[in-house]
Protein chains: 2
Amino acid sequence: MEAILNILQKFSNIPQESVERFVGKLQETNIPKGETLIREREVCNQLSFINKGFVRSFYFKDKKDITISFSMTGEFIASMASFISQKPSYETIEALEHCHLYQISHQDLMDLFGKDSHLEHLYRLILEQYYVSLEEHLIFSKFKTAKERYLELIETKPYIIQKASVGQVASYLDMSLETLSRIRASI
Amino acid sequence: MEAILNILQKFSNIPQESVERFVGKLQETNIPKGETLIREREVCNQLSFINKGFVRSFYFKDKKDITISFSMTGEFIASMASFISQKPSYETIEALEHCHLYQISHQDLMDLFGKDSHLEHLYRLILEQYYVSLEEHLIFSKFKTAKERYLELIETKPYIIQKASVGQVASYLDMSLETLSRIRASI
DNA sequence: GAAGGCTATTGATAAAAATCAAAAAATCAG
DNA sequence: CTGATTTTTTGATTTTTATCAATAGCCTTC
């Protein structure tokens with residue numbers, strides 16, 4: 001439980017009482033390696049804090065799967081579009097390693113926001129950070145060559161290359177797995 | 001002023017008093033066609049509601065400019081990463097048509113959030129919508145061919161093709177202007 | 001209405017990356 | 001440990017798109 005408290009603290013110095021309200025709603029969950037947190041067409045009604053683990057979010061395009069994002073220990077993960085709208089998800093999220101999560105349901109979170117504006121404030125700050133990093137990812141993917149994208153990934157998130165397969169990383173970087181393999185050979 | 005009230009109403013049935021607080025901080029601004037709302041390296045400290053007009057957000061990559069987004073009457077616009085972090089913007093936003101805006105400063109907005117949690121709630125809902133549409137844009141740009149991206153744009157936002165130049169649309173769709181011109185000739 | 005400056009189209013070529021195919025290496029199960 | 005399966009690398013070819021270059025169209029504005 002300590003990890004999540006530290007993360008929350010970083011965003012905002014929120015009253016102890018509010019933190020306790022939030023923590024009181026968290027459910028501990030374990031997802032074995034290879035299993036899914038959320039499957040395509042389901043409604044994502046849990047927001048998960050990854051206390052320990054590594055997950056991949058992807059969707060299917062003609063029988064192949066395409067990686068949208070990887071998330072790590074210390075990050076929140078959900079199929080955000082589905083969680084926000086409470087409509088079916090078009091993405092699937094799978095555990096690439098055994099995951100130890102703390103989860104809160106959409107309903108509980110909305111109830112908390114109604115009761116305690118500090119928590120909505122905190123959530124707003126977290127959402128803003130996720131928005132900024134999504135925007136950066138979009139721009140990043142837009143104006144770099146295949147090789148530059150790979151080099152930047154090594155620089156910023158080397159653990160992804162360690163933990164995910166070439167094919168999974170390749171679709172995340174928007175290239176074929178053969179192309180990524182050749183880039184790896186060339187450096 | 002009516003347009004913005006209607007938009008706010010759609011997100012949340014917020015008390016009249018809160019709406020008035022918010023509206024009280026809005027400044028009316030006109031930006032002539034061709035001028036900029038925010039320039040690269042400046043800190044974006046205004047969130048703008050486009051009461052009427054059309055803008056383009058872009059950044060420079062080697063002397064060329066690359067379009068990030070277009071925004072229309074009825075939408076909010078800011079260099080979000082800069083507005084959120086209050087750090088210099090890497091994007092420039094220009095008016096492609098004469099714009100009539102209502103603006104609120106970052107400071108005023110934060111002050112309002114401290115005083116009135118209904119407004120932070122409203123902002124959270126708006127932010128969520130923008131997050132979802134950004135995510136959709138990312139996925140959209142990732143798994144469609146050049147031609148499919150253009151056809152989808154015609155389908156979903158035909159006004160962009162009317163109002164922006166081929167070069168501006170081409171960089172938005174992640175292709176050269178020659179490629180876009182050929183696609184247009186082929187359909 | 002002609003000159004000049006943008007914008008768009010068209011053509012030829014080059015570069016980048018995808019695809020198809022096979023071999024090599026790594027991982028897993030029994 | 002060993003055979004089977006999966007993943008990764010390597011090679012040959014094709015496709016897609018970018019780049020370079022020239023032409024055509026179209027607004028301005030004098």
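Just so it is clear, the structure is predicted and the values come from calculations on it, not from any experiment. A, B, ... follow the sequence lines: proteins, then strands. Residue 1 opens every chain.
A:Asp174 places its CG atom 14 Å from the C1' atom of D:dT16, with the value rounded to the nearest Å. Put simply, CG on B:Leu180 is 10 Å from P on D:dA18, counting in whole angstrom units. Between the CD atom of A:Glu148 and the P atom of C:dA16 there is a distance of 11 Å, rounded to whole Å. Taking atom NZ of residue B:Lys33 and atom C1' of nucleotide D:dC27, one finds them 12 Å apart after rounding to whole Å. Atom NZ in A:Lys147 sits roughly 11 Å away from atom P in C:dA17 (whole-Å rounding). Taking atom CE on B:Met175 and atom P on D:dA18, their separation rounds to 7 Å, with Å as the unit. Between A:Tyr150 atom OH and D:dT9 atom P there is a gap of 9 Å when expressed in whole angstrom units. At whole-Å resolution of the value, CG in A:Leu177 and P in C:dC20 are 13 Å apart.
Using the six-membered ring where Trp is involved, B:Phe76 and B:Tyr130 have ring planes that are perpendicular, over 60° apart on the 30 and 60° scheme.
The residue A:Arg184 sits close only to the backbone: its heavy atoms come under 4.0 Å of sugar-phosphate atoms, none of a base. Across all strands, A:Ser165 comes closer than 4.0 Å only to sugar-phosphate atoms, never to a base (heavy-atom distances).
Of the candidates D:dT19, C:dA18, D:dT10, D:dT10 carries the atom nearest the A:Ser181 side chain, counting heavy atoms from C-beta on. Considering only side-chain atoms of B:Ala185, the nucleotide from C:dT9, C:dT10, D:dT9 that sits closest is C:dT10. Listed nucleotides: C:dA8, D:dT19, D:dT17. Nearest to the side chain of B:Ala146: D:dT17.
We find that A:Glu178 and A:Arg182 are not joined by a salt bridge, their nearest charged nitrogen and carboxylate oxygen being 4.0 Å or further apart. The pair B:Glu17-B:Arg21 meets the salt-bridge criterion, since a charged nitrogen lies less than 4.0 angstrom from a carboxylate oxygen. One finds no salt bridge joining B:Glu120 and B:Arg124 here, because no Lys/Arg side-chain nitrogen approaches an Asp/Glu carboxylate oxygen to under 4.0 Å.
With hydrogens and angles disregarded, no donor-acceptor distance shorter than 3.5 Å links the side chain of B:Ser48 to the backbone of B:Ile50.
Each of A:Glu178 and A:Arg149 was matched to the nucleotide of DNA chain C holding its nearest heavy atom; the match closer to the 5' end belongs to A:Arg149.
Taking side-chain N and O atoms only, B:Thr179 has no distance below 4.0 Å to OP1 or OP2 of D:dT17.
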